[in-house]
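These notes are about the structure you will find just below.
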Amino acid sequence: MRQLSLALALVFVFATSGQAANISGEYLEARTCAVYTGPCFANAEMGLAGKEALMAWKIDTGEWKGVRVDGLGAAVIVTAENTIGYDGIFPLRAGKMNAVILIDSKATPEQYAALVDFVKDTAKTYTKNVVKIQRAPIELKANHLTKQAKFTAGKVAEITTRGLKKSDCVCTNEVIYYQPLTKVENFSPAFSLKLSYQGKGLNRRFTDFGTSSAFLATFRR
């Protein structure tokens, strides 16, 4: 009887170990270089562009370290000495990186702390040197069919995207040259109509228009 109970317990453990993650939602990313492009164009930009990136998350449902964060958003803006990225084979040598973390202004003190920890844990490579953390009214909406997405953090940061068109094709050899900067699911490239960071802390503000530089995705942790 004891052996049967133990066997049933083991079955339960294995059955529940593959359940859905505790936190999930929408992810949007954009950089100051093309991510969907031809290798020749990517090589021409390398070392000159792509030194800035913005990653944003909108939690649909879930908790982080025991704190419910449903409906809240967070983002991180990263600047580097060199091109930030990973071509699927080798990570680029971005050099020293600085980061600013934005946390949803609706978050309670406990949710604020949880979201800061979530961003640092999810984007470890890019948050080793966080120079500023601030609150902002964060909104993120994404349509994965049309690839239209909009992220805003007040007047501090913005990403606006649309789907890729045939007219965006330049060399007919475009591929997903860079991978998303964090671990995500269901990612697809999009055309960034606007990428902007006008906040403080990075000694650099930037606005980029009209580049195949964005990713729409979902995430689960």
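Basis for what follows: all heavy atoms, side chains included, without hydrogens, waters or symmetry-related copies. Index from 1, following the sequence.
- How far CG of Leu115 is from CD1 of Ile138: 8.5 Å, rounded to the nearest 0.5 Å.
- Within the 3.5 Å criterion, the main-chain N or O of Ser213 finds no donor-acceptor partner in the side chain of Thr211.
- For Thr160, the side-chain hydrogen bond (donor to acceptor under 3.5 Å, both in side chains) partners at least two apart in sequence or on another chain are Lys150, Glu158.
- Closest approach of Ser105 and Pro137 over heavy atoms only: OG-CA, 3.4 Å.
- The two atoms that bring Ala114 and Val67 nearest to each other are CB-CB, 3.9 Å, heavy atoms only.
- Partners of Phe187 according to the ring pair (Phe, Tyr, Trp, His ring centres under 6.0 Å) rule, which considers only residues two or more places apart in sequence or in another chain, are Phe215.
- Contact record, Arg93 with Asn82: O-CB, 3.2 Å, taken as the closest heavy-atom pair.
- Identified under the ring-ring contact (aromatic ring centres under 6.0 Å, His included) test for residues 96-121, with sequence neighbours left out: Trp57-Phe118, Trp64-Phe118, Phe118-Phe219.
- Residue pairs meeting the salt bridge (charged side-chain N to carboxylate O under 4.0 Å, His left out) criterion with at least one partner in residues 196-213, sequence neighbours excluded, are Glu52-Arg204.
- Pairing each heavy atom of Ala157 with each of Leu102, the nearest pair is CB-CD1, 4.1 Å.
- Listed by chain and residue number, Gln198, Thr207 satisfy the side-chain hydrogen bond (donor to acceptor under 3.5 Å, both in side chains) test with Ser196 (two or more places apart in sequence, or in another chain).
- When the options Ile77, Thr79, Asn203 are evaluated for a side chain to side chain contact (heavy atoms under 4.5 Å, CB included) with Asn98, the one that passes is Thr79.
- Taking OG1 from Thr182 and CD from Glu29, the interatomic distance works out to 6.5 Å, rounded to the nearest 0.5 Å.
- Taken to the nearest 0.5 Å, the CD1 atom of Ile23 stands 4.5 Å off from the CD1 atom of Ile59.
- The side chain to side chain contact (heavy atoms under 4.5 Å, CB included) search around Lys120 returns Ile101, Val116, Thr127, Val130, not counting sequence neighbours.
- Hydrophobic clustering of Ile, Leu, Val, Met, Phe, Trp and Tyr side chains at less than 4.5 Å, counting indirect connections, keeps Val76 apart from Leu202.
- Residues passing the side chain to side chain contact (heavy atoms under 4.5 Å, CB included) test with Thr108, sequence neighbours excluded: Glu110, Gln111.
- Taking CD of Glu63 as the reference point, atom CZ of Arg221 lies at 13.5 Å (rounded to 0.5 Å).
- Here the NZ atom belonging to Lys106 is positioned 6.0 Å from the CG atom belonging to Leu72, to the nearest 0.5 angstrom.
- Scanning all heavy atoms of the two residues, the minimum distance from Ile159 to Thr161 falls at CG2-CG2, 3.7 Å.
- Identified under the ring-ring contact (aromatic ring centres under 6.0 Å, His included) test for residues 124-169, with sequence neighbours left out: none.
- There is a path of hydrophobic side-chain contacts, each under 4.5 Å, that joins Leu181 to Ile176.
- Pairs passing the salt bridge (charged side-chain N to carboxylate O under 4.0 Å, His left out) check and including a residue from residues 133-149, sequence neighbours excluded, do not occur.
- Applying the side chain to side chain contact (heavy atoms under 4.5 Å, CB included) test to Lys132 and every residue at least two apart in sequence or in another chain returns Val100, Gln134.
- No path of Ile, Leu, Val, Met, Phe, Trp and Tyr side chains, each step under 4.5 Å between heavy atoms, connects Leu216 with Tyr27, placing them in separate hydrophobic clusters.
- Under the 4.5 Å side-chain criterion, counting only non-hydrogen atoms from C-beta, Val78 is in contact with Met97.
- Partners of Ala74 by side chain to side chain contact (heavy atoms under 4.5 Å, CB included), not counting sequence neighbours, listed by chain and number: Ile103, Val119.
- Residues passing the side-chain hydrogen bond (donor to acceptor under 3.5 Å, both in side chains) test with Asn186, sequence neighbours excluded: Thr218.
- Val156 is connected to Leu140 through a chain of hydrophobic side-chain contacts under 4.5 Å among Ile, Leu, Val, Met, Phe, Trp and Tyr, so both are in one cluster.
- The two atoms that bring Gly85 and Tyr178 nearest to each other are CA-CD2, 4.2 Å, heavy atoms only.
- Separation of atoms CZ (Arg68) and OG1 (Thr61) is listed at 4.5 Å; rounding is to 0.5 Å.
- Both Met55 and Val35 belong to a common hydrophobic cluster when Ile, Leu, Val, Met, Phe, Trp and Tyr are linked at side-chain heavy-atom distances under 4.5 angstrom.
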